[in-house]
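Accompanying notes for the structure given below.
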Amino acid sequence: MDFLTFSSLSDDLFNNNLFDIEESSSSTDTFDLFTGSSINTQIVGTAESSITINTNDSYNKTIITGDGNDYISAGLGNDTITAGSGSDTFAFNSPFEGVDTITDFSIQQDDKLQISGAGFGIGKNDFNRFTYDPATGGFYFDTTQLATLPLNLSFEQTTNIIIV
Ligand SMILES: [Ca+2]
Ligand SMILES: [Ca+2]
């Protein structure tokens, strides 16, 4: 069974083994998606406005959002995320959510990697537990890879990571 929870009923949904989220308003919308399918799911938000996507399934997902300042909590699975322009936030709730690929993480656009201090068992200033390898794009918590980012970023832990 699939569950979809939308905070706004003005959104159009097309479900054909993909979720296509189209927004026509300038509002901020939240999408809580529980795909519950073994089929790889593509979630596409073509929004100019900011959207929040929370998923909590273990499957590998493709998530694409638009020009707004988006918040994406991809959850479990090895997910591929493209957040478009805007200042986007990518949430990591624990070290055990797979290795996500963030195709367009941008320092210039002030994108952020948001780390759950509780989920990682760390303090708010433990930035030195995280490393970015510009040669591979690998983003690590200690020795655990959390994500693959674009190569050769001018990454600064205290600027590009938020521990909440
Ligand atoms: Ca993930
Ligand atoms: Ca965006």
Side-chain angles (χ1 to χ4, degrees), residues 3-8 21 23 26-35 41 43-45 47-164:
F3 294 91
L4 298 171
T5 304
F6 287 359
S7 63
S8 167
I21 300 164
E23 291 182 280
S26 60
S27 63
T28 297
D29 284 323
T30 297
F31 299 92
D32 295 319
L33 303 179
F34 301 89
T35 59
T41 300
I43 301 164
V44 181
E48 297 296 321
S49 56
S50 301
I51 64 175
T52 296
I53 294 178
N54 296 300
T55 76
N56 192 28
D57 64 52
S58 61
Y59 303 107
N60 303 332
K61 301 168 287 295
T62 298
I63 299 172
I64 303 171
T65 62
D67 293 342
N69 302 329
D70 305 307
Y71 175 93
I72 300 165
S73 177
L76 301 174
N78 300 324
D79 307 304
T80 301
I81 307 166
T82 301
S85 59
S87 177
D88 301 307
T89 299
F90 306 90
F92 295 84
N93 304 297
S94 83
F96 313 111
E97 294 187 325
V99 181
D100 295 345
T101 298
I102 303 175
T103 67
D104 62 349
F105 187 88
S106 171
I107 306 294
Q108 288 75 20
Q109 293 173 357
D110 203 25
D111 288 347
K112 302 292 186 186
L113 302 172
Q114 180 179 298
I115 306 293
S116 167
F120 282 74
I122 60 174
K124 296 264 190 298
N125 294 309
D126 286 342
F127 295 103
N128 59 1
R129 303 285 295 275
F130 298 90
T131 55
Y132 165 74
D133 182 345
T136 65
F139 174 64
Y140 295 87
F141 172 66
D142 294 335
T143 58
T144 300
Q145 186 171 1
L146 302 177
T148 301
L149 307 178
L151 306 180
N152 300 316
L153 297 175
S154 299
F155 194 90
E156 296 181 5
Q157 292 149 309
T158 56
T159 302
N160 305 119
I161 299 171
I162 303 172
I163 302 174
V164 297

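Count residues from 1 along the sequence.
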Who are the side-chain hydrogen bond (donor to acceptor under 3.5 Å, both in side chains) partners of Asp100, not counting sequence neighbours? none
Student check: side-chain heavy atoms of Thr143 and Phe141 closer than 4.5 Å: no
Asp104 (side chain) donor-acceptor with Ala83 (main chain) under 3.5 angstrom: yes
Side-chain donor/acceptor of Thr82 to backbone N/O of Thr103, under 3.5 Å: no
Do the side chain of Asn69 and the main chain of Gly86 share a donor and acceptor less than 3.5 angstrom apart? no
Taking all heavy atoms of Phe105 and all of Ile107, pick out the closest pair and write down the distance. CE2-CD1, 3.9 Å
Hey, does the side chain of Lys61 reach the backbone of Ile81 with a donor-acceptor pair shorter than 3.5 angstrom? no
With sequence neighbours excluded, residues passing side-chain hydrogen bond (donor to acceptor under 3.5 Å, both in side chains) with Asn160: none
Any Thr148 side-chain heavy atom under 4.5 Å of Thr136 side chain: no
Contacts table for residues 114-124: side-chain donor-acceptor under 3.5 angstrom, sequence neighbours left out:
{"residue": "Gln114", "atom": "NE2", "partner": "Tyr71", "partner atom": "OH", "Å": "3.4"}
{"residue": "Ser116", "atom": "OG", "partner": "Gly119", "partner atom": "N", "Å": "2.9"}

Show the nearest heavy-atom pair for residues Ser73 and Asn93, with the distance to one decimal. OG-ND2, 3.0 Å
Ile162 CD1 to Phe92 CZ distance, which is reported to the nearest 0.5 Å: 12.0 Å
Which distance, rounded to the nearest 0.5 Å, do you find between the CD of Gln108 and the CG of Leu153? 8.0 Å
side-chain contact (heavy atoms from CB on, under 4.5 Å) between Ile161 and Phe139, worked out: CA-CA 11 Å; Ile161 299 171; Phe139 174 64; 3.7 Å; yes
Atom OG1 of Thr159 and atom CG of Leu113: how far apart are they, to the nearest 0.5 Å? 11.5 Å
Do you know the tightest heavy-atom contact between Phe127 and Thr158? CD1-CG2, 3.7 Å
